[in-house]
**Q** 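Mind looking over this structure? Questions follow.
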Amino acid sequence: MFRKITHFLGCFLLFVAAYLTFVRILRRFYKFPMPHFMAPIIDNPLRRKFQPPDLLAVRHGLQPGMTALEVGPGSGRYTVAAARRVGAGGKVIAIDIEPRMLEKTACRAEAEGAINIETRLANVHALPFDSGMFDAIYMITVIGEIPQPEKAAQEFQRVLKPGGTLAFSELLPDPDYPLAGTLIRLIEPAGFRLKQRFGNFFAYTLLFEKE
Ligand SMILES: C[S@@+](CC[C@H](N)C(=O)[O-])C[C@H]1O[C@@H](n2cnc3c(N)ncnc32)[C@H](O)[C@@H]1O
């Protein structure tokens with residue numbers, strides 16, 4: 001019996017490793033947004049143990065009264081936590097390239113009574129906002145699937161207020177997971193300095209400040 005269980009576990013781990021390797025190689029050459037039907041799959045209790053929504057809202061530097069931008073909200077679970085954190089005097093604007101992700105976010109916001117959330121269909125490469133409009137920008141397991149992250153970083157620099165913050169949270173099973181060092185080398189040249197880092201190799205948050 002014990003042999004059967006270890007055999008099954010070994011096969012399962014091998015399958016997961018092979019799948020992740022295949023997807024990582026594929027996505028190196030061809031980036032595309034996560035399909036919308038995956039949103040409920042990645043929004044699960046196990047994931048929330050490693051990336052608790054309320055804790056991430058704090059780690060992302062959100063404070064009451066702030067105007068924050070979330071890129072790629074997916075199911076909107078983290079958007080609602082962020083909206084609670086910035087409070088009635090603040091606001092969270094969530095943008096996504098996939099309209100059905102925004103529908104999910106808007107539905108969750110309504111169901112949870114979060115009236116300070118606005119959703120906008122937009123590509124992170126060309127943000128439809130005035131310069132210096134946001135106190136904070138954050139994204140969770142998103143930057144790895146952006147085809148031109150350098151261009152996105154320039155947009156973040158433009159729409160942030162002086163001293164505004166930019167946060168990234170990443171989790172290792174994500175096939176687009178970037179190493180923290182890779183992300184720092186990408187973001188700092190766009191005019192940011194690393195302010196704080198949280199977590200560990202498998203689940204981390206990097207908080208940058210606009211210089
Ligand atoms: C892996 S999902 C993460 C969802 C959510 N942040 C979470 O952690 O549960 C990536 C999200 O980024 C969005 N996205 C991908 N490329 C984008 C782009 N170029 N501009 C805006 N959003 C994008 C996807 O549609 C999707 O909602």
Side-chain angles (χ1 to χ4, degrees), residues 19-20 23-24 26-60 62 68-83 85 92-109 112 114 117-129 134 136-159 166-178 183 186-187 190 198-199 202-207:
Y19 170 77
L20 287 178
V23 177
R24 276 191 88 89
L26 179 74
R27 291 178 69 83
R28 224 184 149 79
F29 300 102
Y30 179 51
K31 301 246 182 214
F32 51 90
M34 183 184 79
H36 70 92
F37 58 80
M38 293 282 292
I41 300 173
I42 64 166
D43 179 17
N44 60 66
L46 180 64
R47 188 214 175 158
R48 290 197 289 279
K49 275 203 177 314
F50 295 98
Q51 292 191 313
D54 290 334
L55 180 65
L56 288 201
V58 175
R59 288 182 172 180
H60 292 161
L62 302 181
L69 172 67
E70 176 172 1
V71 178
S75 73
R77 177 155 324 252
Y78 293 92
T79 323
V80 171
R85 174 87 182 152
V92 178
I93 301 181
I95 65 132
D96 206 294
I97 200 166
E98 166 57 73
R100 275 168 292 187
M101 292 294 197
L102 292 177
E103 278 168 27
K104 290 182 206 301
T105 301
C107 275
R108 186 183 290 276
E112 301 205 20
I117 293 177
E118 186 184 315
T119 56
R120 288 275 286 271
L121 186 65
N123 189 333
V124 71
H125 295 140
L127 294 173
F129 303 112
F134 293 99
I137 302 176
Y138 68 93
M139 68 214 71
I140 305 152
T141 63
V142 170
I143 193 70
E145 66 181 58
I146 303 298
Q148 293 171 264
E150 296 83 1
K151 200 167 170 183
Q154 284 167 13
E155 279 294 83
F156 300 149
Q157 171 71 211
R158 180 181 69 77
V159 300
L166 172 62
F168 301 87
S169 286
E170 300 296 332
L171 189 65
L172 185 56
D174 179 3
D176 297 309
Y177 165 92
L183 208 40
L186 169 76
I187 297 303
F198 306 92
F202 298 99
Y204 69 82
T205 295
L206 296 181
L207 180 66

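Computed from heavy atoms alone, side chains included, the values below leave out hydrogens, waters and symmetry copies. Counting starts at 1 for both ligands and their atoms, in listed order.
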**Q** Going by salt bridge (charged side-chain N to carboxylate O under 4.0 Å, His left out), name the residues that satisfy it together with Asp176, two or more places apart in sequence or in a different chain.
**A**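 Counting only residues at least two positions away or on another chain, Asp176 forms a salt bridge (charged side-chain N to carboxylate O under 4.0 Å, His left out) with Arg27.
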
**Q** Any donor and acceptor pair, going by atom type alone, linking the side chain of His125 with main-chain N or O of Gln148 inside 3.5 Å?
**A**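 Side chain of His125 to backbone of Gln148: a pair is present.
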
**Q** Heavy atoms under 4.0 Å from ligand 1: which residues qualify?
**A**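 Within 4.0 Å of ligand 1, protein side: Pro33, Met34, Ile42, Arg47, Gly72, Pro73, Gly74, Asp96, Ile97, Glu98, Met101, Ala122, Asn123, Val124, Ile140, Thr141, Val142, Glu145, Ile146.
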
**Q** For Arg77, which residues count as a salt bridge (charged side-chain N to carboxylate O under 4.0 Å, His left out) partner, sequence neighbours excluded?
**A**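 Arg77 satisfies salt bridge (charged side-chain N to carboxylate O under 4.0 Å, His left out) with Asp43 once adjacent residues are dropped.
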
**Q** Nearest 0.5 Å please: distance from the CG atom of Asn44 over to the CZ atom of Arg47.
**A**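 Rounded to the nearest 0.5 Å, the CG-CZ separation comes out at 7.5 Å.
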
**Q** Do Tyr138 and Glu70 have side-chain atoms, one donor and one acceptor, less than 3.5 Å apart?
**A**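 A donor-acceptor contact under 3.5 Å links the two side chains.
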
**Q** Applying side chain to side chain contact (heavy atoms under 4.5 Å, CB included), name anything that partners Phe129, two or more places apart in sequence or on another chain.
**A**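 By the side chain to side chain contact (heavy atoms under 4.5 Å, CB included) rule, Phe129 matches Leu69, Ile93, Ile95, Arg120, Leu127, Met133, Phe134, Val159.
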
